[in-house]
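Here is the structure we will look at, set down as structure tokens.
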Amino acid sequence: MNNPPSPLLFSFQGPWRRVFYVTLYELLAIVFVTGVLLVGNESLGSAGGLAIGSSTIAMAWNWVFNTLFERWEARQPVRGRSAARRVAHAIGFEGGLTFWLVPFMAWWLDVSWWTALLLDLGLLLFFLVY
């Protein structure tokens, strides 16, 4: 006997499913980044603000970059995501995110760009696993 799909499961199909997962992912990231910065002796306001600001920048960049990349990809004669195309996508995304996050982190925390770059690289390594 076939059971009808659960109303909760059914409601998270399509774009709502993506919104749900992005929101959950970013909330967990905000909690983690805030916690790490609190351990590093940042104030709650400074740590939370950096985490929320970084998350907002990452989501905006994700939308912009993927929109542009997919438009470019649609014009390519070879379809599909080869390993080289996936590497190019990852490097382009992370490079662009670093371009936006390093100045923000340096300004928000009032640290050097070098310190902000090291913090960004630490976050990159964490999110690579996360």
Side-chain angles (χ1 to χ4, degrees):
M1 175 154 119
N2 290 340
N3 293 328
S6 162
L8 181 60
L9 178 63
F10 184 76
S11 65
F12 284 117
Q13 298 303 315
W16 289 113
R17 182 176 175 188
R18 180 174 282 188
V19 168
F20 173 76
Y21 284 117
V22 166
T23 302
L24 183 62
Y25 180 90
E26 292 301 331
L27 285 174
L28 290 171
I30 289 168
V31 168
F32 173 79
V33 170
T34 301
V36 166
L37 291 171
L38 286 173
V39 169
N41 294 324
E42 289 294 327
S43 70
L44 179 59
S46 180
L50 181 74
I52 291 168
S54 297
S55 178
T56 302
I57 290 169
M59 286 188 298
W61 175 241
N62 188 341
W63 182 79
V64 168
F65 180 79
N66 283 317
T67 298
L68 295 173
F69 189 86
E70 287 167 5
R71 285 184 187 168
W72 169 82
E73 195 174 36
R75 293 190 313 266
Q76 300 309 302
V78 176
R79 299 284 181 222
R81 291 242 173 128
S82 64
R85 197 171 284 181
R86 289 179 189 277
V87 168
H89 181 274
I91 290 171
F93 176 78
E94 293 299 339
L97 188 57
T98 297
F99 176 82
W100 293 108
L101 283 182
V102 168
F104 171 70
M105 291 177 175
W107 170 74
W108 187 266
L109 296 174
D110 194 26
V111 296
S112 71
W113 282 47
W114 176 251
T115 301
L117 178 62
L118 292 177
L119 176 60
D120 183 63
L121 291 175
L123 290 175
L124 171 72
L125 292 175
F126 166 73
F127 283 105
L128 185 64
V129 176
Y130 178 62

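At least one side-chain heavy atom of Asn66 sits less than 4.5 Å from a side-chain heavy atom of His89. Contact check for Leu50 versus Glu42: no side-chain heavy atoms found under the 4.5 Å cut-off. For the pair Phe127/Tyr25, a side-chain contact is recorded, criterion being any heavy-atom separation below 4.5 Å from C-beta on.
Other residues, nucleotides and ligands contribute more than 12 heavy atoms inside 6.0 Å of the CH2 atom of Trp61. Around atom CH2 of Trp63, no more than 12 heavy atoms belonging to other residues, nucleotides or ligands sit under 6.0 Å away. When the shell of 6.0 Å around CZ of Arg79 is examined, it contains more than 12 heavy atoms from other residues, nucleotides or ligands. The neighbour count for Phe99 CZ, taken as heavy atoms of other residues, nucleotides or ligands under 6.0 Å away, does not exceed 12.
Here Asp120 contributes atom CG and Leu125 contributes atom CG; the two are 9.5 Å apart, rounded to the nearest 0.5 Å.
One hydrophobic cluster holds both Leu123 and Phe104 under the rule that ILVMFWY side chains link at heavy-atom gaps under 4.5 Å. In the hydrophobic clustering of this structure, Val33 groups with Met105; members are Ile, Leu, Val, Met, Phe, Trp, Tyr whose side-chain heavy atoms approach within less than 4.5 Å, directly or through other members. In terms of hydrophobic clustering, with Ile, Leu, Val, Met, Phe, Trp and Tyr side chains grouped at heavy-atom distances under 4.5 Å, Met59 and Tyr21 are assigned to different clusters. Grouping the Ile, Leu, Val, Met, Phe, Trp and Tyr side chains by contacts below 4.5 angstrom, directly or via other members, places Leu38 apart from Leu109. Linking ILVMFWY side-chain heavy atoms closer than 4.5 Å, directly or via other members, places Phe93 and Val64 in a single hydrophobic cluster.
Between the side chains of Ser46 and Ser43, no donor N or O sits under 3.5 Å from an acceptor N or O.
No donor-acceptor distance shorter than 3.5 angstrom exists from the side chain of Ser55 to the backbone of Ala51, with no hydrogens or angles considered.
With side-chain heavy atoms closer than 4.5 Å counting as contact, directly or through intermediates, the hydrophobic cluster containing Leu118 also holds Val102, Trp113, Trp114, Leu117, Leu121, Leu124.
Considering Leu37, Val31, Ile30 in turn, Ile30 is the only one that fulfils the side-chain contact (heavy atoms from CB on, under 4.5 Å) rule with Thr34.
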Audit row: Phe32, Leu28, side-chain contact (heavy atoms from CB on, under 4.5 Å) steps and yes/no: CA-CA 6 Å; Phe32 173 79; Leu28 290 171; over 6 Å; no
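For residues 84-112, the pairs satisfying salt bridge (charged side-chain N to carboxylate O under 4.0 Å, His left out) are Glu73-Arg85, with sequence neighbours left out.
Closest non-hydrogen pair, Ser112 versus Ala106, comes out as O-CB, 4.1 Å.
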